2 protein chains.
Amino acid sequence: MTPIRVTTPGGSASPGDSEDLNSRLRIGALHLFETRGFDTTTAEDIAQSAGISRRTFFRYFPVREDVLFSDHAVYLLRVEQRLRAARGEPIRVAGVALDPLVDGLVADADFVTRRAVVIRENVALRDREVLWLREYQQLLGGFLAEQDLGARSAIFAQIVAAALLAALSQVIDRWLAAPGSEDPRALLAELVDEIAESMGESGLRGRGPGAAHPERTGVVVINSRLSADEIAHLIEGAH
Amino acid sequence: MTPIRVTTPGGSASPGDSEDLNSRLRIGALHLFETRGFDTTTAEDIAQSAGISRRTFFRYFPVREDVLFSDHAVYLLRVEQRLRAARGEPIRVAGVALDPLVDGLVADADFVTRRAVVIRENVALRDREVLWLREYQQLLGGFLAEQDLGARSAIFAQIVAAALLAALSQVIDRWLAAPGSEDPRALLAELVDEIAESMGESGLRGRGPGAAHPERTGVVVINSRLSADEIAHLIEGAH
DNA sequence: GCGCTGGATGGCACTGAGTGACAGGATACT
DNA sequence: AGTATCCTGTCACTCAGTGCCATCCAGCGC
């Protein structure tokens, strides 16, 4: 997956930039896909549109589909950095680490929305996007697997990672469907919060209290038919 | 994805059966992959091993990789049936609906474990497996989306589906790594339970009480430094 | 200036996946 | 019988992806 040539030696920062070869390729390709359709556009066509040879094209993108996803190669690196740098409650850290991705997509809105249209109409592109998103999932999964998530930690690491990525995917979908109607980053934060609270350190009968967020206090009650006293009694007998 | 020819008109039931063309192909292919490696085995080779022409092979499996995954086409149907038939708390229903898949894999253990070895060593096969698993996820996601999961129902449907499928994936991985050490179906049930409890109707500030599991009572307290009275007070002020 | 070296590119040729079109051949139905 | 239908094989074609080699263009030391 990784060997997309990012071609950002130190200069042009964001994937929305223009005028390096990578950008010429992805923009030219998108335009071709929009007009001619994905599977009637050959690698040769794309290469020509950027003024390079077919052979060179495949040196930049080992798989033809990837010409639309070069940004992910960049975002993945940023997400990885965030994971390495941040500290705190693991699940929230993992969730927040996805911010650069969301920000990047929003900043590159024009390209991203047009790309989404093309992707929606083509199976190969949809599949390829799934595989790219899975890269993030593995990243988060790997990170969470190194943390202690209580009982069944290794398993839950993957489950939580999957949940987080599904949340991300939904956030992006919503944003694409109705741009501007909701702040994607805020929505993601909200969902991450809920996931962290429900599957986090205390949500799944894992370990004791007092780890990362000692000041945080939360109470969840299921079946409010019990009186407060009864609940208090239950709590006293619990731990 | 779907157009794999299942070739089970009404006769041979389980994917582990032999002697229909489909089985000859997948077994022959597996053997070739084991000995010669996946990417040095051409579609022609596989076709020959089953005594058919290359063209016919591609009529059975539009994508070469799929020759190893024909069982999923069957399992997907069964899972879908289970979803349609069962009633109860949605998340548990969705989780339990995966049982036919687990059972099928276990029943077909020889093939499945050998396949796993081949898959592990090849990117194209790994990717293809991911895409197949995603089919289940979409199935569950679609089902859950029709249910009412409380606030943000549409979003949580996808998140829960992803979590369930990650659980399934972990269960299978464990079983493959140490067959017989743990009952995969029991482990899956356990994980589904935890997911249902944490992300279910009450886990995520959704709707009121009294739906599917009215008798169930649970209390979760984060930060036990508070006294029981303080907590009771918090609760009284909550709803 | 010159020569050298390393990386990026292009051209060429080759394998193999996947597909459309057509032609038998078997089977089932009447 | 005749005929419609489904399955299969053959042929031919496009195009993705790759290895090999020649070339070109920096940069750098001298």
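Remember, it's a predicted structure, so these values are computed and weren't measured experimentally. Letters A, B, ... mirror the listed sequences (proteins, then strands); counts begin at 1.
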Minimum-distance nucleotide (side-chain atoms of [X] versus [options]):
X      : options                   : result
V63(B) : dG18(C), dG11(C), dT10(D) : dG18(C)
R59(A) : dT8(D), dT9(C), dA16(D)   : dT9(C)
R54(B) : dG18(C), dG9(D), dA16(D)  : dG18(C)
A43(B) : dA17(C), dG9(D), dA16(D)  : dA17(C)

Using only side-chain N and O atoms of [X], determine if any of them is under 4.0 Å from OP1 or OP2 of [N].
X      : N       : result
T56(A) : dG10(C) : yes
S53(A) : dG10(C) : yes
Y60(A) : dA8(C)  : no
T42(B) : dT15(C) : no

Do [X] and [Y] have side-chain heavy atoms sitting under 4.5 Å apart?
X       : Y       : result
L105(A) : R115(A) : yes
I155(A) : R174(B) : yes
V96(A)  : D99(A)  : yes

Item to check | Sugar-phosphate only, base, or nothing, as touched by R64(A) at under 4.0 Å among non-hydrogen atoms | outcome: sugar-phosphate
Euclidean distance, atom [atom1] of residue [X] to atom [atom2] of [N] [Å, nearest integer]:
X       : N       : atom1 : atom2 : answer
D45(B)  : dT15(C) : CG    : C1'   : 12 Å
D20(B)  : dC7(D)  : CG    : C1'   : 15 Å
F57(B)  : dG16(C) : CZ    : P     : 14 Å
F58(A)  : dG11(C) : CZ    : P     : 15 Å
D39(A)  : dA17(C) : CG    : C1'   : 15 Å
Q48(A)  : dT9(C)  : CD    : C1'   : 16 Å
R128(B) : dG18(C) : CZ    : P     : 9 Å
L21(A)  : dA8(C)  : CG    : C1'   : 11 Å

Checklist entry - Rounded to the nearest 0.5 Å, how far does CG of L76(A) lie from CD of E135(A)? => result 6.0 Å
Checklist entry - In terms of ring plane angle, is the pair F38(B) and F33(B) parallel, tilted or perpendicular, where the classes change at 30° and 60°? => result perpendicular
Checklist entry - Between R55(A) and E44(A), which has a closest nucleotide on DNA chain D that is more 5'? => result E44(A)
